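Residue numbering restarts at 1 for every chain, and letters A, B, ... go by the order of the sequence lines. Not measured: the values here are computed from a predicted model.
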8 protein chains.
Amino acid sequence: MDRKEILKGVQSGKLTIDEAAEKLKGFDELGYAKIDTQRKERNGYPEIIYGEGKNLEQIKGIVKVLEQEERPILATRVSIEKGKALKTAFPKGEYFELARCFVLQPMEIQTSDYIAIVTAGTSDVSVAEEAAVTAETFGNQVKRIYDVGVAGIHRLFARLEDIQQASVVIVIAGMEGALVSVVGGLVNVPVIAVPTSIGYGSNFKGLTALLGMLNSCSSGVSVVNIDNGFGAAYNASMINQLRRKK
Amino acid sequence: MDRKEILKGVQSGKLTIDEAAEKLKGFDELGYAKIDTQRKERNGYPEIIYGEGKNLEQIKGIVKVLEQEERPILATRVSIEKGKALKTAFPKGEYFELARCFVLQPMEIQTSDYIAIVTAGTSDVSVAEEAAVTAETFGNQVKRIYDVGVAGIHRLFARLEDIQQASVVIVIAGMEGALVSVVGGLVNVPVIAVPTSIGYGSNFKGLTALLGMLNSCSSGVSVVNIDNGFGAAYNASMINQLRRKK
Amino acid sequence: MDRKEILKGVQSGKLTIDEAAEKLKGFDELGYAKIDTQRKERNGYPEIIYGEGKNLEQIKGIVKVLEQEERPILATRVSIEKGKALKTAFPKGEYFELARCFVLQPMEIQTSDYIAIVTAGTSDVSVAEEAAVTAETFGNQVKRIYDVGVAGIHRLFARLEDIQQASVVIVIAGMEGALVSVVGGLVNVPVIAVPTSIGYGSNFKGLTALLGMLNSCSSGVSVVNIDNGFGAAYNASMINQLRRKK
Amino acid sequence: MDRKEILKGVQSGKLTIDEAAEKLKGFDELGYAKIDTQRKERNGYPEIIYGEGKNLEQIKGIVKVLEQEERPILATRVSIEKGKALKTAFPKGEYFELARCFVLQPMEIQTSDYIAIVTAGTSDVSVAEEAAVTAETFGNQVKRIYDVGVAGIHRLFARLEDIQQASVVIVIAGMEGALVSVVGGLVNVPVIAVPTSIGYGSNFKGLTALLGMLNSCSSGVSVVNIDNGFGAAYNASMINQLRRKK
Amino acid sequence: MDRKEILKGVQSGKLTIDEAAEKLKGFDELGYAKIDTQRKERNGYPEIIYGEGKNLEQIKGIVKVLEQEERPILATRVSIEKGKALKTAFPKGEYFELARCFVLQPMEIQTSDYIAIVTAGTSDVSVAEEAAVTAETFGNQVKRIYDVGVAGIHRLFARLEDIQQASVVIVIAGMEGALVSVVGGLVNVPVIAVPTSIGYGSNFKGLTALLGMLNSCSSGVSVVNIDNGFGAAYNASMINQLRRKK
Amino acid sequence: MDRKEILKGVQSGKLTIDEAAEKLKGFDELGYAKIDTQRKERNGYPEIIYGEGKNLEQIKGIVKVLEQEERPILATRVSIEKGKALKTAFPKGEYFELARCFVLQPMEIQTSDYIAIVTAGTSDVSVAEEAAVTAETFGNQVKRIYDVGVAGIHRLFARLEDIQQASVVIVIAGMEGALVSVVGGLVNVPVIAVPTSIGYGSNFKGLTALLGMLNSCSSGVSVVNIDNGFGAAYNASMINQLRRKK
Amino acid sequence: MDRKEILKGVQSGKLTIDEAAEKLKGFDELGYAKIDTQRKERNGYPEIIYGEGKNLEQIKGIVKVLEQEERPILATRVSIEKGKALKTAFPKGEYFELARCFVLQPMEIQTSDYIAIVTAGTSDVSVAEEAAVTAETFGNQVKRIYDVGVAGIHRLFARLEDIQQASVVIVIAGMEGALVSVVGGLVNVPVIAVPTSIGYGSNFKGLTALLGMLNSCSSGVSVVNIDNGFGAAYNASMINQLRRKK
Amino acid sequence: MDRKEILKGVQSGKLTIDEAAEKLKGFDELGYAKIDTQRKERNGYPEIIYGEGKNLEQIKGIVKVLEQEERPILATRVSIEKGKALKTAFPKGEYFELARCFVLQPMEIQTSDYIAIVTAGTSDVSVAEEAAVTAETFGNQVKRIYDVGVAGIHRLFARLEDIQQASVVIVIAGMEGALVSVVGGLVNVPVIAVPTSIGYGSNFKGLTALLGMLNSCSSGVSVVNIDNGFGAAYNASMINQLRRKK
């Protein structure tokens, strides 16, 4: 419910002054959280629930508040146990195990333009699925192009056309993250790079891939935090849907 | 000259087979550099000259090759001395001292959608101008919104409308880079964050701002390398021009 | 018992010379620890028990020594198991689960001036409660203002007056810690910043927030160690009670 | 000029509506800077000029704006050359060479409570003087207690009474910064620690002292950025003047 | 058995040429290890068994080889389980639980000069006991002076005479490690500093204490690895026994 | 099956056009992985299975694809549980517990030139065995020279001849990694250094050994990632077999 | 002069016992240096002069000693000024300005097998030339393949055959160093990776490229220190000449 | 003048009560410094002047105070310019250019036991000379053993006897610092390791050598700060003179 609707509610008598004032405050006070009810109006998407470090009751509580007026509802970093419990509590929702996401009331597809999600290896797929589920929940079409790392670069070229025709490309890689620079040199759309924590020793849990991506010799690359598939997809969705704005 | 044009040149007899084969190779060999003549076809913009660590003769040589067929020509990180010498050598070009950029044959404005370039402080302006000149050279309109850091947050709110109506926002900040999260929470378009090396002590030449931006609590933020105004604008230009693509 | 009281005890015959000499030494030797019995005289508060890495018997032993003459008694970083056992052993005490603190003989409220404790997110609340319980144990009034991070900055403005009227503000944030700079720019009292270890990837367990806070563009901010809610409250209590000193 | 005064000006006809609206905006637009004219109202002190990375003309321009309505004016990190030129341009001002500060219209002494500024060594004095000049400019009395590092700890004890009777203590140290913990264990007022970049090798330009201070075994210590004498004094001044507030 | 004894054995017919040649090789081949049987001759002490990462069978195998000719036998970083099993296998040996050391055939006291082992806190005692047991096993007298950290510096002064009369002082501290500099400023014998991993947040598992000790403002301090009580005692024993050499 | 064989298959009618096209694509699509079937042709060895982070079913699936046409098959970082299950599934294969490798269809010995694998300590043996099994699987002879670290340097000299006559030497060491420089100064063949994560405290899980090896004062040393025994052996095998190429 | 020749000299009376004993010592004492005269015998190449941090007289002195018996003589990291002075002092020598190397008595070509030296960019050429001059001085043929970074990957494919037919490949890259992984995936010979300090911001003077190369997803890559063109070529020369050994 | 002498002076009437009280304070107040006049009594050596960051007048002022009663006087890190000026001001003093030390009134040789100072390379000699001059100024005999790094380990063995007969060994090395572990494995006296800042790239200005030395596989090694030749010699002198104490 955005501000204009609240005011109309007052005008029409559907809302009392007190109810409207409460709603205009812009957040719901749960004690343990202040749920930002103006976020969709400001940012285009409602508040997303970051599941890590919240217990099941807290997540349920927030979903209940959001469920009434918001669309879509997305909770990320949700463990299998919590995911199953949420599915029981909200049977219309869906839990994606590999992506560790719980989704309720996803948006419908907004555009035929699609987001390409590209991974270097098999182990990056969990992060990639977090990105894919996020993008789909936000109403985007997604093409998944997995395990095309540069050690066998012909695998990348076999899928190049799909990558080049996307409106934005998310590249997800661990180890040294070299795939980002190669893809960045071959496309004319924005590339969002996601370093993953895949690797060992001097990889330092994704730091090496992060630094590599920030220093890419290809222009047109921007970077999000290690393993942040959600953030990349959020960003990509904004870009993909810009095309249809106006 | 892209691949189709080369082939037409062969067809029409304007190019010999040898000339065409040479052109199809996709780069010009200068000895000290292999200029990528297919970059515009692949990436939407021709090869950009990174001036740091190239001497004047090298820059001139590359400009001469590009000048014949490419548009626009942009050299970044060009010192005042080299900038003046380039202006003398290519009188149609322009040197932007604050931005440290040399520009020849800029593109015309492609769209009325604009890029907002926002800085936290006065000292970030040099990086901001590199971004602004890059974006303008690539045919974008730019709104400059400087010195609106969060220590005096009403300065930001005074310019908020201009920021919210941009199609993409570049936020440039040193020190702790908090401006990025505040802006990210107030817009519904992509935010590209540029950490600057402004600060001292435990700032570590921009590392603190870089880390802060990568860990922003606002979704929809992606990050480029420290002081990389060019990269942010390159990315923003791709996004801004997506809207008119298709 | 401070030094003057000991000497009076000698004068009045209540203490033998040996007893007094032992007390004047200024610490109780427990073998595994030397409890500093002069700390309240020197620092204003008695020795606080840091529970991490001490076993239950050690904590009990120290509480028993302190119980006789000191007020208040505070043990921090006490696990639930140890907390319950302490409650059993010292039934007058209280264990605060979220704060992980055990308290005995808290001080009475010293002043109507209050300390504002502000958090960016829900996950920072555990650190905030350590701060709040510490401050209350030391005789301060506390206002808790939780989950007002900058991604939804209107939540902060809704509580701004409470923050501005405090005599000292503790700001607790993880991720990039931007809330500190925003609050710092809006108040005319000291801000004590507590980085938390909330975040992932390049957050490096709170290092990013720590660096951000040390480099805040707002003046008037000082910083304590990551997750050190106790230290911030200790400091804030000293400041809050300065007002009534003299 | 604060908001109430502006409104009175309108009421009395001294200000036109346009003039008042401009003033209520809260900043002066200089092109290269937006001077925050509401800072004193919000923060207790007007905007301070950080001289590093600003040229002489910029500093002069800002001083001219501030000079009309603000008190005090303080520019920090001002080189000798700029300092002398400012003295010529504003003959009523004073330039402090060791502190690298330029001051105009300092505040008068507000209270007989004083701030103790303590250094470990001779080389820390430049940072200490930045703190001292800042504190004095803000109307505080200061006691300077220099070169009392723990390698000769009797020097500290010789001055202990002066330190213990201050209302707040600033401790400034390089190398390992151990002085902070020793002082912190001996006083019952807040200690603000300033690490300096004095040291070599594994000191890493002050990082060692910074980390040491953040991990002090003494409670009641908070920390500012490396070499940030100004920030410590700003904070100390807020604390010192709290006593007389209300 | 050193080289001269082996040759005498050949001379006297007690050893065959083959046996002597094998012994002169200087190590015993166990397959998984080559035990250095010349170490005592070269270094003054036989090979010490570092228990971490060796299984019980490996430790037993090495003890068996050493048991025949070497004195003392010391195994460090031995878990309780392995320690109890070693006690069973070698009933004359002793297992020290707090120190995590197993000792067989300790040396007799070599000198009345003693080593002072000083800790800042209670949590440092485990490392201190590793040092103490090592020093005693190598025939040194030890004075244990625990929990005298600088937050209550009078505890240190109460034991100062014992520290000043040692022939070498081992100082063990976590957090910021300030105790080292204070002790270093008060004695005229070598100080060996041992940083411990006690601390949290920006302590980085002992890195802060390590850096602090390396940058001590007191001369005469040298440093060993984090938690390396053994190494400090080995070194101290060499120094303590130098006095009686010649 | 390399490209020429595929084409012959078409020529001879053994492969249909579709089958051949599929094979020429160069990878097998398993959904969760794209197995690179051209790697042996390009790199000399088929794709190796990195077991970490792959579940048993995934490893089995890949082995099944490779088993048909490739030789050798090597899976590294395979836990005991998975190793035993692979042995059951592929009874001709062999699981090496210490090396954590599963091998099927190893290559035959290609040359009498051998690779020397040298370790500093007993704890480095697990990494050494990964190297040894890899080298043997690739058809090389290996000499194992374990536990010859510089603390007892005569152990190294006792085996020096074997090291000097190798065609390439792999040196594996944790802690400070000094053995690499000593060996590097004594041989006239390439040395490949493998830092291990053996150590504690400021060893930082192998970082110290890695840095030490990269900065070796001996020429002729190159380095691989921490604990990367496989990578060192892969490289060494290429070098060892170069001698017989042509 | 190796040990056998010295002994023959004694036999033949050409050397006195004293002269021979002096030579058998294996180094020449210059006071400021002990020149290792056995290095060629042990390592295959004589001692190389690292010019950084040695003054002209020291370099000259060492060249004079080596000149008499060694071949080749190579001094690296020699500034232009010193290089010209060495050319004057030893007119038969040659100074390579771009490579910053001085060479005297280079070895003759030993084999037709060649080393490929590949760079990502123009700015890496100085390091590449250090490698090339070193390799040529040691009697190797070199193919220089410069500026084929992955941002325009067709430039690499245009030169792929030359790279694939080398007996060892040196890949030199700054920024993120992605070229190494791409080349590593396309060849069946060892790849030696050299990170360069080309880059800015979070490149950290080559650290990013170094980490990237150590974590390469392509097998068969080993790494040397940042900007260490010499070390890579030394290593490559050993490998290239192994083929003809025996 | 120590405390007993002062009291005798009072007794004999040579000192007034005021003069004695001033002297008993234990330091001389110079304004910019508090010279510790009790250091020799406490630490065995008077206060040493660290020249870095002190100007000529400050150094002169301190020397003048010390000159009257202390022996020896040592100023370290003194530049050539300041060194020459000190020689002019105090003609009896001596300036050591390579060591960058100024010495006045050195102590006489205290014992025939000597300190061995061993360096890995020629570039480490400046740090070694700081150590040597310090040790000699404190009355020790020194043996200099330079340029015996492990790349040519026979140079070390040629001087081994001199090293083994020292009463303490200082080992000074840059790059990877491997020499420390080799020497540590060959002697039965304490080894003090000094990392130097010699190296490049991933050496990080001595950090690599520092870490290597802290993690030495040889027992009996302790470490001082990077380039801290003075600190090592101070420590070594304490150890060397312990032998004659009592």
Side-chain angles (χ1 to χ4, degrees), chain D residues 80 97-100 116-129 132 143-163 171-179 182-183 196-209 211-212 226-227, chain H residues 3 21-22 24-43 45-55 57-59 61-62 76-77 127 130 174 194-198 204-211 213-214 223-232 234:
Chain D
I80 299 187
E97 190 174 322
L98 192 52
R100 296 197 301 153
I117 301 183
V118 181
T119 78
T122 296
S123 313
D124 303 316
V125 167
S126 169
V127 174
E129 282 299 310
K143 285 212 182 161
R144 290 161 167 86
I145 300 162
Y146 292 171
D147 198 20
V148 296
V150 300
I153 206 168
H154 59 295
R155 300 175 303 185
L156 174 68
F157 288 124
R159 300 297 307 274
L160 190 55
E161 210 171 342
D162 275 348
I163 297 173
V171 180
I172 299 172
M175 305 181 85
E176 90 289 44
L179 181 60
V182 175
V183 170
T196 69
S197 51
I198 300 302
Y200 63 92
S202 62
N203 181 280
F204 301 121
K205 300 189 181 165
L207 178 59
T208 290
L211 291 174
I226 297 164
D227 290 334
Chain H
R3 278 178 292 186
E22 180 62 26
L24 282 168
K25 200 179 59 180
F27 56 90
D28 266 38
E29 178 66 72
L30 289 193
Y32 52 86
K34 292 188 176 53
I35 302 172
D36 183 350
T37 53
Q38 289 174 352
R39 193 158 297 177
K40 193 169 186 177
E41 190 185 349
R42 285 197 327 275
N43 292 165
Y45 306 106
E47 184 158 356
I48 302 307
I49 306 162
Y50 179 66
E52 193 98 37
K54 293 206 178 67
N55 62 38
E57 288 318 302
Q58 291 177 322
I59 300 179
I62 300 174
T76 64
R77 307 278 166 115
V127 174
E130 186 184 277
V194 188
T196 69
S197 51
I198 299 302
F204 301 122
K205 300 190 179 164
L207 178 60
T208 290
L210 173 64
L211 291 174
M213 291 167 176
L214 284 166
V223 186
V224 297
N225 198 2
I226 297 164
D227 291 335
N228 189 6
F230 160 73
Y234 188 108

Atom pair CG (N225(H)) and CD (E176(D)), whose distance is rounded to the nearest 0.5 Å: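 CD of E176(D) is found 11.0 Å from CG of N225(H).
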Pick whichever of [options] has the most heavy-atom pairs under 4.5 Å with chain D.
options                  : result
A33(H), S197(H), G206(H) : A33(H)
N228(H), N43(H), L30(H)  : N228(H)
G26(H), G31(H), G53(H)   : G26(H)

- request: Sort and list the pairs that fulfil side chain to side chain donor-acceptor pair (under 3.5 Å) and have at least one residue in residues 118-128 of chain D, not counting sequence neighbours.
  value: D124(D)-T196(D)
- request: Return the set of residues passing side-chain hydrogen bond (donor to acceptor under 3.5 Å, both in side chains) with E29(H) (not counting sequence neighbours), or none when no residue passes.
  value: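 Once residues adjacent in sequence are excluded, the partners of E29(H) under the side-chain hydrogen bond (donor to acceptor under 3.5 Å, both in side chains) criterion are K34(H).
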query: What part of Y50(H) gets closer than 4.5 Å to chain D, counting heavy atoms only: side chain, backbone, both or neither?
result: side chain
Could you tell me whether the side chain of [Y] reaches within less than 4.5 Å of the side chain of [X], counting heavy atoms only?
X       : Y       : value
R42(H)  : H154(D) : yes
F27(H)  : D147(D) : no
I226(H) : Y200(D) : no

message: What part of F157(D) gets within 4.5 angstrom of chain H, counting heavy atoms only: side chain, backbone, both, or neither?
response: neither
query: Does NZ in K205(D) sit with more than 12 non-hydrogen atoms of other residues, nucleotides or ligands closer than 6.0 Å?
result: no
field: Options G121(D), A158(D), A151(D), ranked by heavy-atom pairs under 4.5 Å with chain H, top entry
entry: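 Sorted descending by pairs with chain H, the first entry is A151(D).
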